[in-house]
Amino acid sequence: MSLKAASQYAVGAGFDRIRLIHNALPELDFDDVDLSGRFLEKKIRCPLMITAVTGGYPKAKEINRKLAEAAEKHGIAFGLGSQRAMIERPGLADTFKMRKYAPSIPIVANIGAVQLKKYPVKTIEHLVSSVEADGLAIHLNPLQEVIQPEGDKDYSGVLKAIEKTCSSLGVPVIVKETGAGIDREVAEKLKAAGVAWIDVSGSGGTSWSRIEYLRSKGAVPGFEDWGIPTVECLMMCRGVLPLIASGGIRSGIDAAKAIALGADMAGAAQPFLAALMKKRLDEELTTWEKQLRIAAFLTGSRTVAQLKAAKCILG
Ligand SMILES: Cc1cc2nc3c(=O)[nH]c(=O)nc-3n(C[C@H](O)[C@H](O)[C@H](O)COP(=O)(O)O)c2cc1C
């Protein structure tokens, strides 16, 4: 479903309106461009992440394995899909245990904010340790939950649950949206709660309201394009906490623009899943890395820190 064109926002994430200022005198050897860095205390070769897509059903093991192996090969971070299924059906834990396929890269565990309220911290700790993750992503999806008839609509007490998790868990907590975006006020509340990273996951890419309309009859229509475009999320949230930009990032050039707008890392879900299904994930990741490095070179940036300071114009 998420691979269909109809699952994507009609209104983009805003990257087509951003132009990085071309530097005709980069004064750099392209071979010296080095975008490596650290994320969750692990080394990465490029500030990219395959964000959460799957887990919890038999076929998901193969998908997660291929995504994890590709992330390891390219030296980028990898996010597991929601581990709720693993709590409810421990027999499916194997579909999330990817450390043996990706021994060196940052792996991020995942749970929904609404589920977080229901389980003791011990259960959440187990989710992280059993997959040998370097961090936990807590996902926010109020749009998806509220428009579907069987959705979990009680979002009260979520911030408290996040705060409790941050103070008791032994690894950093990332809070991510799932495609409708995070604004500055929410980012500041998350910072005060002890969150280490925010993945803004703004609108412009995968639209969970569109997916709900495609797969469930009772979903309330009208919210197809609801959300904060990723570019606007970055402009609002920059400087609050380290940021991952995702939601509608569709090339390494978008990723470079996201970094120039204030992100520290860029991620995507649907494009990498689609590439995997077409058996061309390796080529896709190679292209994104090259695009990111070339965009860095053409803005006179040798490092991620310099790319963060690159100038851009909002057209
Ligand atoms: C098939 C699919 C499954 C997803 N499952 C999860 C999930 O389990 N947990 C989560 O935090 N986000 C999940 N997401 C959301 C993505 O991680 C990401 O935030 C969102 O799709 C926006 O990125 P994109 O436009 O590059 O797809 C999923 C996305 C897709 C496409």
Side-chain angles (χ1 to χ4, degrees), residues 1-15 48-57 59-60 63-64 67 71 76-88 92 95-96 107-116 127 131 133 135-145 162 173-182 197-212 214-215 225-231 233-234 243-252 254-255 258 263 265-277 281 284-285 288:
M1 195 79 77
S2 63
L3 301 180
K4 290 189 173 161
S7 72
Q8 301 292 294
Y9 276 88
V11 181
F15 292 102
L48 283 177
M49 174 166 187
I50 300 177
T51 67
V53 285
T54 198
Y57 65 100
K59 217 182 142 206
I63 296 174
N64 269 337
L67 292 172
I76 62 171
F78 170 61
L80 294 162
S82 172
Q83 289 170 259
R84 176 188 188 173
M86 186 173 150
I87 303 175
E88 288 159 10
L92 293 170
T95 67
F96 295 98
I107 292 183
V108 179
N110 189 294
I111 191 72
V114 178
Q115 284 88 51
L116 196 66
L127 286 187
V131 298
L136 171 72
I138 299 171
H139 70 257
L140 306 173
N141 64 345
L143 167 62
Q144 184 188 10
E145 297 288 0
I162 292 173
V173 169
I174 302 167
V175 170
K176 73 185 286 289
E177 239 287 350
T178 45
I182 288 177
W197 280 77
I198 291 175
D199 177 346
V200 297
S201 197
S203 68
T206 303
S207 162
W208 282 96
S209 45
R210 284 176 181 270
I211 292 174
E212 291 307 333
L214 289 173
R215 72 180 177 191
D225 288 309
W226 181 276
I228 312 169
T230 301
V231 162
C233 295
L234 294 173
L243 298 178
I244 301 166
S246 79
I249 297 208
R250 294 297 177 257
S251 69
D254 286 350
M265 305 258 300
Q270 194 268 1
F272 298 140
L273 185 61
L276 175 66
M277 294 306 157
L281 178 59
E284 187 74 8
L285 286 170
W288 282 50

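Note that the structure is a prediction, hence the values are computed from the model and not measured. For ligands, and for the atoms within them, numbers begin at 1 and follow the listed sequence. This chain uses plain numbering: 1 for the first residue, then up along the sequence.
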Polar contact flag, side-chain donor to acceptor under 3.5 angstrom, E284-W288: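 E284 vs W288: donor-acceptor pair found between side chains.
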Distance-only donor-acceptor check, side chains S207 and Q8, under 3.5 Å: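 No, because no side-chain N or O of S207 sits under 3.5 Å from a partner of the opposite role on Q8.
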I63 vs M277 side-chain heavy atoms within contact, under 4.5 Å: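 The answer is yes; the side chains approach within 4.5 Å.
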Contact check, side chains of T230 and D254, non-hydrogen atoms, under 4.5 Å: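 The answer is no, as the side chains (C-beta and beyond) never meet within the 4.5 Å cut-off.
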Proximal protein residues to ligand 1, non-hydrogen atoms under 4.0 angstrom: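 Only S2, T51, A52, V53, G81, S82, N110, H139, K176, E177, T178, S201, G205, T206, W208, G247, G248, R250, A268, A269, Q270, P271, L273 have heavy atoms that fall under 4.0 Å of ligand 1, ordered by chain and number.
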Candidates I228, V231, V175, L234 - the one meeting side-chain contact (heavy atoms from CB on, under 4.5 Å) with V200: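 For V200, the side-chain contact (heavy atoms from CB on, under 4.5 Å) test succeeds with only one of I228, V231, V175, L234, which is L234.
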All side-chain contact (heavy atoms from CB on, under 4.5 Å) counterparts of A71, not counting sequence neighbours: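 Checked A71 against side-chain contact (heavy atoms from CB on, under 4.5 Å); matches are I50, I76, F78, I105.
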